[in-house]
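Below is one structure, written out as structure tokens, with a few remarks after it.
This one's a predicted model, so the numbers in the text were calculated from it and none came from an experiment. A, B, ... follow the sequence lines: proteins, then strands. Residue 1 opens every chain. Below, all heavy atoms of this structure are taken into account, side chains as well, without hydrogens, waters or symmetry copies.
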Number of protein chains: 2
Amino acid sequence: MRIGELAARVGTTTRTLRYYESRGLLPARRDAQGHRTYDERDLTLLRQIRTLQDFGFDLEETRPFVECLRAGHPEGDSCPASLAVYRRKLDELDALIGELQAVRAQVGAQLVRAERARDELAADALVPGGPEPACELGGHER
Amino acid sequence: MRIGELAARVGTTTRTLRYYESRGLLPARRDAQGHRTYDERDLTLLRQIRTLQDFGFDLEETRPFVECLRAGHPEGDSCPASLAVYRRKLDELDALIGELQAVRAQVGAQLVRAERARDELAADALVPGGPEPACELGGHER
DNA sequence: GTAGGCGTTGACGTCGGCGTCAAGGCAAGG
DNA sequence: CCTTGCCTTGACGCCGACGTCAACGCCTAC
């Protein structure tokens, strides 16, 4: 199988495969014409890389998985180094999610505050007598 | 106030202020020496930018807030355009947090699965008689 | 012969938000 | 006079994961 076919089979581009090779992640054999040649094993390696990439793993973080497969293990995560990457990623994700949730809360609060301020200004404009600055003790209507 | 002092007062760098100016976000007056000159209003604008940046807003997304302040409003989020940015950001954050939680769940599941597979292999190695493939009906000990 | 379709290497572009020089100006202080 | 310290503009570097273009080679089909 040549580079175009492999790329098509995993839904990526030839440029990407050449890039992986330049990073030493997915080296290729060459045929008589100097064309890159891949087999079914490379397909497995590439699928592993792409799956992790889809999860947001850095390319370097996929390396232990690829080496694990290349070492003959049935799964890319059958090796301690891969598990370590999993755990590190989980920590990163937890930290990031926590930060984002904090930011979300802050921005949400800002929006509520700003909308309330806007509505109060609008209400003031509708009442020519001016806004009621505070609510005195006892009933305030009539 | 010149650029170095302003930068120090908000805890950023002169390079950053010049970058903001190049983006048209924070233009500066010039003194007789051609040095950039800022006043307290610029300090307010800059603090608004930095606050939003810390929340993860793109520089372009801070522009409505800055223009709102420059238009004389008391707060950067006193204008509809700013509120729209808030809402868009909340949607983005919700989407992103959701994606990250989904990824977290997937990676967590992978880790559990891989660890279990590893432990089973280890247990097999400890039992020379070989692993018990399945649990037949009835008690299985003694 | 030639056009199409595959492959090759090399090199520059992209995105955002700056960091980091390089080379120079101008003013105050010793 | 010279140093120190602030400022100026201009330009390249960085990060990751490729996209895109250029110029070329080889094989096959018409």
Side-chain angles (χ1 to χ4, degrees), chain A residues 1-39 42 45-66 85 88-89 92-93 96 103, chain B residues 1-39 42 45-66 85 88-89 92-93 96 99-100 103:
Chain A
M1 171 173 30
R2 290 187 304 177
I3 195 168
E5 185 183 345
L6 178 59
R9 284 180 70 176
V10 298
T12 185
T13 68
T14 61
R15 179 68 183 90
T16 296
L17 300 192
R18 278 188 272 260
Y19 177 65
Y20 291 170
E21 182 171 3
S22 80
R23 306 274 82 201
L25 205 57
L26 191 67
R29 272 70 55 197
R30 301 301 181 110
D31 66 13
Q33 282 73 43
H35 292 177
R36 289 172 179 79
T37 302
Y38 303 89
D39 56 22
D42 293 315
L45 300 184
L46 182 52
R47 281 210 245 259
Q48 173 75 82
I49 296 171
R50 290 267 98 190
T51 299
L52 295 174
Q53 286 268 88
D54 289 345
F55 281 164
F57 284 53
D58 294 344
L59 206 48
E60 273 312 305
E61 292 178 323
T62 73
R63 195 180 295 274
F65 295 80
V66 174
V85 173
R88 198 154 45 77
K89 208 63 186 178
E92 281 177 23
L93 283 168
L96 182 55
V103 167
Chain B
M1 166 174 34
R2 290 187 302 178
I3 195 169
E5 185 183 345
L6 179 59
R9 285 180 69 178
V10 298
T12 184
T13 67
T14 61
R15 178 69 184 91
T16 295
L17 301 192
R18 277 188 271 261
Y19 177 65
Y20 290 170
E21 182 172 1
S22 79
R23 306 273 83 202
L25 204 58
L26 190 68
R29 272 69 57 196
R30 301 301 180 110
D31 66 13
Q33 283 75 42
H35 292 177
R36 290 172 177 81
T37 304
Y38 303 90
D39 57 22
D42 293 315
L45 299 184
L46 182 52
R47 281 208 245 259
Q48 173 74 82
I49 296 171
R50 291 267 99 191
T51 299
L52 295 174
Q53 285 268 89
D54 289 345
F55 281 163
F57 284 53
D58 294 345
L59 207 47
E60 273 312 304
E61 293 177 322
T62 72
R63 196 180 293 273
F65 295 80
V66 174
V85 174
R88 198 155 44 76
K89 206 63 187 179
E92 282 177 22
L93 282 168
L96 182 56
E99 286 174 25
L100 290 177
V103 167

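Side-chain proximity of Asp58(A) to the nucleotides dA17(D), dT9(C), dG16(C) is greatest for dA17(D). Taking every side-chain heavy atom of Arg30(A) into account, dT9(C) is the closest of dT8(D), dT9(C), dG16(D).
Across the protein-nucleic acid pair, Met1(A) atom CE and dC6(C) atom P stand 16 Å apart, rounded to whole Å. Rounded to a whole Å, the CG atom of Leu6(A) is 17 Å from the C1' atom of dT8(C). At whole-Å resolution of the value, CD1 in Ile49(A) and C1' in dC18(D) are 14 Å apart. When the C1' atom of dC18(D) is taken as reference, atom CG of Leu46(A) falls 14 Å away, rounded to whole Å. Taking atom OH of residue Tyr38(B) and atom P of nucleotide dC7(D), one finds them 10 Å apart after rounding to whole Å. When the C1' atom of dC6(D) is taken as reference, atom CD of Glu5(B) falls 12 Å away, rounded to whole Å. Distance CD (Glu21(B)) to C1' (dT8(D)): 12 Å, rounded to an integer number of Å. Rounded to an integer number of Å, the gap from Leu17(A) CG to dG19(D) C1' is 14 Å.
For the side-chain contact (heavy atoms from CB on, under 4.5 Å) test with Leu45(A), the passing option among Leu26(A), Leu25(A), Thr62(A) is Leu26(A); the others fail. In summary, of the residues considered (Arg29(A), Arg36(A), Arg9(A)), a salt bridge (Lys or Arg N to Asp or Glu O under 4.0 Å) with Asp42(A) occurs for Arg29(A) alone.
Look at Arg50(A) and you'll find a side-chain N or O under 4.0 angstrom from OP1 or OP2 of dC18(D). A close approach under 4.0 Å does not occur between any side-chain nitrogen or oxygen of Arg15(B) and OP1 or OP2 of dT8(D). For the pair Ser22(A) and dA17(D), the criterion of a side-chain N or O lying under 4.0 Å from OP1 or OP2 is not met. Contact check, Arg2(B) against dC26(C): no side-chain N or O comes under 4.0 Å of OP1 or OP2. Between Thr16(A) and dG19(D) there is a side-chain polar atom (N or O) within less than 4.0 angstrom of OP1 or OP2. For Gln53(A), a side-chain nitrogen or oxygen approaches OP1 or OP2 of dC18(D) to under 4.0 Å. An OP1 or OP2 oxygen of dC27(D) is reached within less than 4.0 angstrom by a side-chain nitrogen or oxygen of Gln33(A). The phosphate of dT9(C) has neither OP1 nor OP2 within less than 4.0 Å of any side-chain N or O from Arg18(A). When the side-chain nitrogen and oxygen atoms of Thr13(B) are compared with OP1 and OP2 of dG19(C), one or more of them lie within a distance under 4.0 Å. In this model, the phosphate group of dC18(D) is approached by a side-chain N or O of Tyr20(A) to a distance below 4.0 Å at OP1 or OP2.
Other residues, nucleotides and ligands contribute only 12 or fewer heavy atoms inside 6.0 Å of the CZ atom of Arg23(B).
Summary of the strand contacts: Glu60(B) and His35(B) both lie near DNA chain C, and taking for each the nucleotide with the nearest heavy atom, the more 5' one is attributed to Glu60(B).
Counting all heavy atoms, side chain and backbone alike, Met1(A) lies closest to Asp39(A) at CE-O, 3.7 Å.
Contact check for Tyr20(B) versus Leu46(B): side-chain heavy atoms found under the 4.5 Å cut-off.
A salt bridge links Glu92(A) with Lys89(A): the closest approach of a Lys/Arg side-chain nitrogen to an acidic carboxylate oxygen falls below 4.0 angstrom.
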